Amino acid sequence: MPRELTRMTAAELSVALARNEVSAAEVTRAHLDRIAAVDDRVHAFLHVAADSALAQAREIDDERAKGIRRSPLAGVPVAVKDVFTTIGMPTTCGSRILAGWRPPYDATITTRLKQAGAIIVGKTNMDEFAMGSSTENSAYGPSRNPWDLDKIPGGSSGGSAAAVAAYEAPLAIGTDTGGSIRQPAAVCGIVGTKPTYGGSSRYGVVAFASSLDTPGPFGRTVLDTALLHEAMSGHDPCDSTSIDAPVPPVVAAAREADVSGMRIGVVTELSGEGYQSGVLSRFAEAVELLESLGAKVTEVSCPHFGYALPAYYLIAPSECSSNLARFDAMRYGLRTGDDGTRDAEEVMALTREAGFGAEVKRRIILGTYALSSGYYDAYYGKAQQVRTLIIRDFDAAFGQVDVLVSPSTPTTAFPIGERADDPMAMYLADLCTIPSDLAGNAAISVPCGLAPENGLPVGLQVMAPVLADERLYRVAAAAEAAFTGRWGHPLLAEAKGL
Amino acid sequence: MSITREEVAHLARLARIALSDAELDHLAPQLNQIITAVAQVQEVTAEGIPPTSHATGLTNVFRDDVPAGCLTPEQALDQAPAVEQQRFKVPRILGED
Amino acid sequence: MTMETLVPFAAAIERYEPVIGLETHVELGTRTKMFCGCTTTFGAEPNSQVCPVCLGLPGSLPVVNRTAIEYTIRIGLALNCTIAAWCRFARKNYFYPDMPKNFQISQYDEPLCTDGYLDVMVGERTIRVGIERVHLEEDTGKSLHVGGATGRIHGAEYSLVDYNRAGIPLVEIVTKPVEGTGADAPVAARAYVTELRDLLRSLGVSDVRMEEGSLRCDVNTSIAPRGSGRWGTRTETKNVNSLRSVERSVLFEIERQAAVLDAGGRVIQETRHFQEDSGITTAGRSKEEAQDYRYFPEPDLVPVAPPADWVAEIKAALPEAPSRVRARLRAEWDVPELEMDAIVNAGVLGLVAETVAAGASPADARKWWLGELARRANDAGVEPSALAITPAQVARVAQLVTGGALNDHLARDVVGAVLAGEGDPDQVVAARGLAVVSDEGALNTAIDAAIAANPEAAAKVREGKVAAAGPLVGAVMKATAGQADAARVRELILARLT
């Protein structure tokens, strides 16, 4: 092989497998070896599923020998955020309260990956119950950014992003509720998409904020991400909030990569104070680049975006305070304090105290407060109205432009520990990503350079209307091609961490 | 908009989390800070603006009244902390519905 | 247990005006649960009818059972309610081990049906019971309390939970407060539940058996001094498991509350429990604060907006209400109310109506179903409708008697034979040769023999003592193995001897 298997993209691996240049077993073994070599430093994985991955690879190789190819992703390794249920592997959600829990059912997306023949190499680390922007809220220790192991890889899907950036898997899946795919993708220098809400099934995705959680793909390239996006998405009758419409043609758009004539709006409000200068300058260059490729760029104001963060930090905790009530020591998970003298309520309270981390406790209490009678209208109710106003901002904006752009997150990867006990500072990482979660439209982060001040990756965020996910890939692919041409190599090639 | 330590303690009880005093000391000021910040939403005039609880606009998603998808008792009880007589064994329940 | 002071009902009702209200929960008879495909058949092995959804496993999601919606609309229409054009489910949040998610999916301020009524007969007057709302929710699991003296919750060491019933669809029907019942309050409450039960049964939406828990009642009672123009504080009585208990609980509460008010005290707003054996209500555990359920719209479900044509279809297919059926049949058959009550209470109204439709006279139909057939059903321990004889067959038997082919005695034999599976009435008559002996020649021969064998009786008849003909008729009946028409025999004997 001219290149190391772990340095190949999913698209390249797919072609190599189809041409019988390599077997699924070889591909899988190469990635398992890579994981063994680097993951003690990166800590992307909570569980490495070596045996089942190799067994799955053998099955795929048997089929390939008979001329059967399940999908373009058959034989391609994928890492799965530990929030998706997987039979035969633990699903911990980064929490002590689910330590060792083995669910009796697969998430719909897990099933789809298996049906596609993708090789699930393991479950990745995450902020506990998807609450956080750095994986520091994981009960199992943080993951580390492959660019600089002392920096955060982003969160909550930090393990998935780190795994892809560290070449431990070409593909990974995560979930995005306030930015938890796009922000890790940006700080790790890879691609990550939040599909249209309802475009990918939440069945088997342990719920954080039900009306916001959106499963989505990570890849090192836009095309890889599109391939995974297509394989994992689509209507699911087991999820009532799942949209019954065809998956937008994301792969075709990724291959077209043509932005000439597209109208691109720069969101006025997603800039300014709190944004790192290197992030702003790389973003500005990206906008210029898109213009030079034939796009028409204008400034668009979304006046309520400034209220997106407070609205989110009312809606998400409210929903999660209810979603996490089921963790009560009665049916599964941790049970502590049951010494025979205590009643059920006491055991519940002691278990939840021991099993939940600080951020989860903060959000549960915040949510309980916001939903309390007497406070509901002023907090949760008001936040839902702000949500309507943000949707209207997007609708108005998309009346003028085809896509909106902004930085993906205000800063590059910050040091592990810097914001760990400063929740408000941590929340600011979501400033740019939250509006799309509230509105449910599609958004992507694609690398647009390294910040000059620290050499760490910067992400360009593209936002598209509901069910227009393909526009993301069109723009992102165009940017990627132009940037790669300018740099001479993919951005990740510059990562010195590993 | 501020929240007292007592209110935080009360909310923790409602949420069935047995916070220690040390944790209360630590969390209460943080929550106070957060609640002050999120209260910003009240600055927005939203007279007559309908709240959005669902972004998709979907309605009437149903399933047919046809059996499907059951677990065996073994599967259901497999991860239970305690089992007796094919039921989930739980500590004594004081409350009434 | 402290004995409550009571004011005897008659005295209480003289000085106080009662207001009652009822909340009824109905288990729908759907094949599967409210939000998942688990079966609902009663009496299955513990935890054998569960799945990730009704167990509330992390990652599971509910999907609404269309039939449950249809049944609820049916109920709402039959109760003259307005069907919501658009409504949502809501989460009712509280912690309890028999509730897997520690919230119940229910409806809060947007019920599916509102503002209806049910007319109820109490004696000769019609009371219109207003219906406030009809909404849908899911039922909880069931706990066994182990280790205490009585198997009840107090003093138990631990509990065992079975989630088979978790997720069964429940319809909650709430009346508006019912004023002006006066001394009829207890019977009015009972009559309402009875009428409601019959209505629900006629709709085919539930088997509504209070003993089995598929119909549960909470009864609200308050009293205020007559003429005061205001309402008193109400109590809610739970654990009311039979029609009789509904009546008794209202009666007891009126007596108890009257005593409290007479003594200058105030009625505490509380939940009380009805004690079957003693007919009293006892105070529930006092709660420090009212429960705040922190209701918010269920984010995992989308709104329900029943299309107008679907509602119209359901309305068109509604069966005639039992009260209408009764009124119509009572007029057609021209029977007193008391006899109608007897027919309804025996559960044979439909059977009688069908028998009449098949050609029997109303009187004959009633006679058979309230008499011979009721007795046979009772002996066999089954419902009359479960007997192996059809209304058409009963009508045929009645016809044969009217036409003289059978007498009452033979008719009963025929019925017995039909029940035993020997075939249709005509087949039985033919096969067994049960036709009435109407051949006068044979009868005269038998009469001669009887007169010869009973000279004293014959002599008395000749003297004018007509009653003495009895033994002679008996002898002839015996001689003809009961196959003579006794009345005709008597005629012939009298004609011969007088």
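The model shown is predicted, which means the values in this text are computed figures rather than measured ones. Each chain gets a letter, A, B and so on, in the order the sequences are listed, and its residues count up from 1.
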A:I364 portion near chain B, given a 4.5 angstrom heavy-atom threshold = side chain
Should we count OH of A:Y376 as having more than 12 external heavy atoms under 6.0 Å?
-> yes
Any side-chain donor paired with an acceptor under 3.5 Å for A:Y307 and B:E43?
-> yes
Chain A interface, residue from B:H54, B:R63, B:Q75, B:Q33 that has the most non-hydrogen pairs under 4.5 Å | B:Q33
From A:R335 CZ over to B:K89 NZ, what is the distance, rounded to the nearest 0.5 angstrom?
-> 8.5 Å
Atom CZ of B:R5 with >12 non-hydrogen neighbours under 6.0 angstrom | yes
For each of B:V8, B:L77, B:V38, B:V83, tally heavy-atom pairs with chain A at distances under 4.5 Å, and name the one with the top tally.
-> B:V38
Side chains of B:T56 and A:T241: donor-acceptor distance under 3.5 Å anywhere?
-> no
Work out which heavy atom in A:S372 is nearest to a heavy atom in B:L11; give both atom names and the distance.
-> OG-CD2, 4.2 Å
Could you look at A:V386 and say if it's the side chain, the backbone, both or neither that has a heavy atom under 4.5 Å from chain B?
-> side chain
Applying a strict 4.5 Å limit to non-hydrogen atoms, the region of A:F327 in contact with chain B is neither
Please confirm whether the backbone N or O of A:A378 pairs with a side-chain atom of B:Q42, one donor and one acceptor, at under 3.5 Å?
-> yes
B:I17 side chain reached by A:M348 side chain, heavy atoms, under 4.5 Å = no
Residues B:V90, A:R331; criterion side-chain contact (heavy atoms from CB on, under 4.5 Å); working and verdict = CA-CA 8 Å; B:V90 305; A:R331 290 162 293 285; over 6 Å; no
Tell me, side chain or backbone of A:P423 under 4.5 Å from chain B's heavy atoms, or both, or neither?
-> side chain
Side chain proximity check, A:M330 to B:I93, heavy atoms < 4.5 angstrom = no
For B:T52 and A:R387, the nearest pair of non-hydrogen atoms, with its separation, is O-CD, 3.6 Å
Structural part of A:A325 lying under 4.5 Å from a heavy atom of chain B = neither
Got a donor-acceptor contact below 3.5 angstrom from the B:R92 side chain to the A:T341 backbone?
-> yes
Please look at A:A354 and chain B and tell me whether the side chain, the backbone, both or neither of the residue comes under 4.5 angstrom of a heavy atom of that chain.
-> neither
Under 4.5 Å from a heavy atom of chain B, the part of A:Y312 involved = neither
Verify, without hydrogens or angle tests, whether A:R352 (side chain) and B:A15 (backbone) share a donor-acceptor contact under 3.5 angstrom.
-> yes
For the residue pair B:P81 and A:A329, what are the closest heavy atoms and their distance?
-> CG-O, 3.4 Å
Side chain proximity check, A:K361 to B:E23, heavy atoms < 4.5 angstrom | yes
Side-chain touch B:P50/A:Q385, heavy atoms, less than 4.5 angstrom = no
Please look at B:L19 and chain A and tell me whether the side chain, the backbone, both or neither of the residue comes under 4.5 angstrom of a heavy atom of that chain.
-> both
Strictly by modelled atom types, are A:D421 and B:Q30 linked by a side-chain donor-acceptor pair under 3.5 Å?
-> yes
Shortest non-hydrogen contact from B:A55 to A:A439?
-> CB-O, 3.7 Å
Part of A:S211 within contact of chain B (heavy atom distance under 4.5 Å) | side chain
Considering all heavy atoms, the nearest A:R362-B:L31 contact = O-CD2, 3.5 Å
Give the intermediate values and the outcome of side-chain contact (heavy atoms from CB on, under 4.5 Å) for residues A:Y379 and B:I35.
-> CA-CA 9 Å; A:Y379 290 107; B:I35 285 172; 3.9 Å; yes
Taking B:V61, B:L27, B:I34 one by one, which has the highest count of heavy-atom pairs under 4.5 Å against chain A?
-> B:I34
Looking at A:I243, A:L334, A:L389, A:D244, which makes the most heavy-atom pairs under 4.5 Å with chain B?
-> A:L389
Against chain B, label A:R102 side chain, backbone, both or neither, depending on which of its atoms sit under 4.5 Å from a heavy atom there.
-> both
Begin from the C-alpha positions of B:L58 and A:S242 and carry the test side-chain contact (heavy atoms from CB on, under 4.5 Å) through to its verdict.
-> CA-CA 9 Å; B:L58 292 169; A:S242 166; over 6 Å; no
CZ of B:R16 to CG of A:L350, rounded to nearest 0.5 Å, is 12.5 Å
Where does A:S210 contact chain B at under 4.5 Å (heavy atoms): side chain, backbone, both or neither?
-> neither
Shortest non-hydrogen contact from A:I365 to B:A12?
-> CD1-CB, 4.2 Å
The reported gap from CG in B:L14 to OG in A:S321 (rounded to nearest 0.5 angstrom) is 10.5 Å
Heavy-atom pairs under 4.5 Å with chain B, option from A:Y313, A:Y105, A:W101 with the top count | A:W101
So, the part of A:M424 with a heavy atom under 4.5 Å from chain B: the answer is side chain
Using non-hydrogen atoms and a 4.5 Å limit, figure out which bit of A:D343 sits close to chain B: side chain, backbone, both or neither.
-> both
